[in-house]
Amino acid sequence: MPAEFILIPGRTSKQGTSLNEGKYTDNYQTEINTLQMNPDDMDRLSIAEGDVVRVWNSFGSVDVPVKSGKAELPIGVLFISYGDKSCRLMGGETHGSGMPDSKGLDVLLEKVES
Amino acid sequence: MATEIDQEKAPAKLKIVEDATCTFCGCVCDDMELTVEGNTITKAKNACVLGKSWFFNHHIEDRPEAMIDGQPASYDEAFDVAADVLFHSQYAITYGLSDTTCEAQRVAVAITDWIGGNLDTTTSVCHGPSGMAFQGVGEVTATLGEIRNRADYLIFWGGNPAESHPRHFTKYSLMPKGQFVPNGRKDRTAVLIDVRKTKSAKAVDTFLQIRPRSDFELAWALRGLARGIDVDPSVEEKTGIPLEQLVEVMEGMKRAKFGAILFGMGVTMTRGKHINSEAVLALARDMNRHTRWIAKPMRGHGNVTGADNVVSWSTGYPFGVSLTRGYPRFNPGEFTSSDLLARREADAALIIASDPMSNFSQPARDHLASIPVVVLDPKLSDTARIAKVAFTTATYGINTTGTVYRMDDIPLPLRPAFESPFKSDYEILKAIEARIRKRQLQAVS
Ligand code: SF4
């Protein structure tokens with residue numbers, strides 16, 4: 001059964017510092033390709049750090065490894081740094097504002113069994 | 001302001017640049033003291049962690065000056081191909097501009113006007129909704145200097161300055177001792193409103209952890225309280241914040257001598273967008289019935305505020321401007337880049353100091369990858385990788401001088417640290433503009 005979540009893409013200072021090193025450095029790539037999740041949600045869904053999950057909505061689907069968002073993230077909310085993965089889950093509709101829904105995206109999540 | 005010290009044994013000349021400006025984020029701190037050895041900045045006194053990484057990682061890139069279809073090319077060849085792409089386009093878009101100087105921004109506006117294209121900046125996917133809200137409800141505003149010297153109540157809303165603008169707290173808002181807040185932090189009350197309990201939460205007195213997508217409802221409830229209207233306790237169900245706590249915050253807000261709401265993209269990027277910004281701006285306006293309050297967006301890129309200013313003073317609108325009919329028309333949703341690309345309308349793109357391939361929606365990215373793109377960027381980016389023509393540029397503020405605007409609309413000069421073999425955005429855009437004009441004049445003669 002896929003679980004429902006709200007995804008909030010954003011920026012981190014690690015993304016900022018590694019951006020200056022270059023977008024093709026390991027640091028930057030790890031930062032934009034890792035999903036953060038509340039530890040209670042991880043327990044509930046039996047997901048350990050480093051496990052890969054599939055996150056999808058009507059616009060796209062991505063597979064990403066998980067790390068604990070510690071106390072920063074409330075239950076039911078996911079965080080990822082802006083990048084290729086978050087783009088794939090964004091639709092083109094801007095509701096006449098010029099800005100696509102870029103935070104607070106409804107997504108479904110399921111563990112990818114290796 | 002540069003003083004040069006000859007060091008006998010040092011292989012490269014040591015140079016100290018005082019009062020240099022960091023252009024990594026919208027704080028645009030202009031109190032940097034840079035130690036420069038040859039083509040490397042080895043010390044950046046006063047810079048935060050982001051500023052240090054900005055200064056230490058901008059060397060002279062080992063890249064060709066330009067690439068055409070992925071192959072190294074000279075600037076001159078690339079100018080011609082770029083001019084051809086833009087000259088022959090039916091509906092070109094100009095986009096980016098937030099990480100370059102105002103001088104370069106002006107030339108980009110001119111090029112777009114000459115070719116009858118569409119002009120938009122990264123504002124449209126950052127605080128564009130706030131730009132729309134200013135037109136709807138106005139902006140009660142102040143400079144960061146006023147906030148530093150006067151603000152005794154601060155609300156940070158939908159932003160994480162501790163990570164995104166690390167010196168905002170220490171230089172401008174929370175910590176500094178100011179004329180009317182002589183004890184600094186002790187004289188100020190601070191509230192953070194956010195969905196995530198970010199690092200900024202540690203710095204404030206009260207953290208209101210709201211439910212996702214409830215910024216509007218929270219702002220509206222606070223507006224009600226500011227105007228003495230009874231607010232229904234059900235606001236807690238929607239926002240996660242009990243009414244009593246909101247009443248308490250409102251009492252504090254009313255007692256303040258000078259309050260400031262500093263809001264980030266948690267407000268503008270969530271469903272509701274410009275309506276969320278309007279609610280926050282209107283709350284600041286309402287608070288002026290009681291005492292002095294202002295609201296200011298926290299701007300991200302170094303000169304995104306300059307982009308708004310330059311585009312506004314030259315076209316009358318801040319972003320999302322169509323120049324296709326020979327006069328400016330503003331319509332977010334129609335003339336904004338994300339929409340023009342997702343609807344597959346644009347047939348060429350001039351992208352300046354920005355990387356839409358790494359942050360636009362998938363439909364927009366798909367179309368951008370299918371049309372000829374001209375890119376100016378100091379570093380290799382996802383957009384430079386798909387470009388027809390990619391220019392390597394000097395880095396503004398580190399290699400080139402010019403003007404940038406701080407997030408509070410204060411223009412500041414840049415003091416470069418060392419020269420780059422690459423041309424500046426300004427020089428490249430000027431060269432493209434001259435070639436486009438030549439083609440246009442030839443076409444009519
Ligand atoms: S706060 Fe921003 S402008 Fe100031 S030093 Fe840090 S990155 Fe640079």
Side-chain angles (χ1 to χ4, degrees), chain A residues 5-25 27-29 32 36 38 57-62 69-79 81-106, chain B residues 24-25 49-50 52-58 120 124-126 128-129 132 160 162-164 166 195-199 201 209 211-213 265-266 268-271 273-274 300 319-320 331-339 341-343 355 357-365 379-382:
Chain A
F5 280 91
I6 294 178
L7 173 68
I8 303 190
R11 297 228 179 271
T12 61
S13 64
K14 183 128 182 262
Q15 187 182 23
T17 51
S18 55
L19 168 70
N20 287 320
E21 290 157 20
K23 283 192 168 163
Y24 303 103
T25 55
N27 280 345
Y28 188 84
Q29 288 298 322
I32 62 167
Q36 293 183 28
N38 179 285
N57 58 15
S58 55
F59 306 114
S61 168
V62 296
K70 309 216 176 66
E72 272 201 16
L73 279 176
I75 288 174
V77 177
L78 306 169
F79 177 85
S81 290
Y82 290 121
D84 177 65
K85 300 281 184 211
S86 63
C87 290
R88 290 178 189 277
L89 298 168
M90 274 160 60
E93 177 59 59
T94 74
H95 309 106
S97 72
M99 162 91 78
D101 283 340
S102 314
K103 285 186 193 279
L105 310 173
D106 287 312
Chain B
F24 185 72
C25 87
V49 53
L50 293 177
K52 285 202 162 70
S53 85
W54 166 255
F55 286 119
F56 296 163
N57 288 298
H58 278 93
D120 190 30
S124 65
V125 293
C126 130
M132 293 161 72
N160 179 12
E163 289 202 70
S164 61
V195 175
R196 293 188 297 135
K197 191 175 183 184
T198 59
K199 296 201 170 69
Q209 188 160 24
R211 298 225 164 97
R213 303 187 290 225
M265 298 198 299
T268 59
M269 279 191 166
T270 316
R271 197 167 61 198
K273 295 162 197 158
H274 53 290
F319 65 96
N331 196 8
E334 186 178 7
F335 304 134
T336 29
S337 305
S338 178
D339 302 85
L341 291 170
R343 284 196 308 263
D355 188 15
M357 280 306 282
S358 78
N359 56 34
F360 270 17
S361 69
Q362 194 58 34
R365 297 201 301 172
K379 291 199 180 243
L380 185 61
S381 68
D382 290 351

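This is a predicted model, so every value here is computed, not measured. Throughout, protein chains are lettered first and strands after them, A, B, ... in sequence-line order, and every chain is numbered starting at 1. Below, each value reflects all heavy atoms present in this structure, side chains not excepted, and no hydrogens, waters or symmetry copies.
Proximity to chain B involves both the backbone and the side chain of A/D106, based on heavy atoms less than 4.5 angstrom apart. For a residue to count as touching a neighbouring chain, one of its non-hydrogen atoms must lie under 4.5 Å from one of that chain's; by this rule B/D382 touches chain A with backbone and side chain alike. Only the side chain of A/I8 comes within contact range of chain B, with heavy atoms under 4.5 Å apart.
Minimum heavy-atom separation, A/G98 to B/S338: O-CB, 3.9 Å. For the residue pair A/I6 and B/R213, the shortest heavy atom distance occurs at CD1-NH2, 3.6 Å. When all heavy atoms of A/G92 and B/A342 are compared, the closest pair comes out as CA-CB, 4.0 Å.
Within 6.0 Å of CZ in A/R11 there are more than 12 heavy atoms belonging to other residues, nucleotides or ligands. For B/K199, the NZ atom is loosely surrounded, since the number of other residues' heavy atoms within 6.0 Å does not exceed 12.
The salt bridge (Lys or Arg N to Asp or Glu O under 4.0 Å) search around B/K52 returns none, not counting sequence neighbours. For B/K273, the salt bridge (Lys or Arg N to Asp or Glu O under 4.0 Å) criterion is met by A/D101, not counting sequence neighbours.
Remark: A/T17 OG1 to B/F24 CZ distance equals 8.0 Å, nearest 0.5 Å. Annotation: the span from B/R271 atom CZ to A/M99 atom CE amounts to 15.0 Å, rounded to 0.5 Å.
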| said: Does A/K23 form a side-chain contact (heavy atoms from CB on, under 4.5 Å) with B/K379? I'd like the steps, not just the answer. | reply: CA-CA 9 Å; A/K23 283 192 168 163; B/K379 291 199 180 243; over 6 Å; no
| Can you check side-chain contact (heavy atoms from CB on, under 4.5 Å) on A/R88 and B/R365, steps first, answer last? | CA-CA 9 Å; A/R88 290 178 189 277; B/R365 297 201 301 172; 3.7 Å; yes
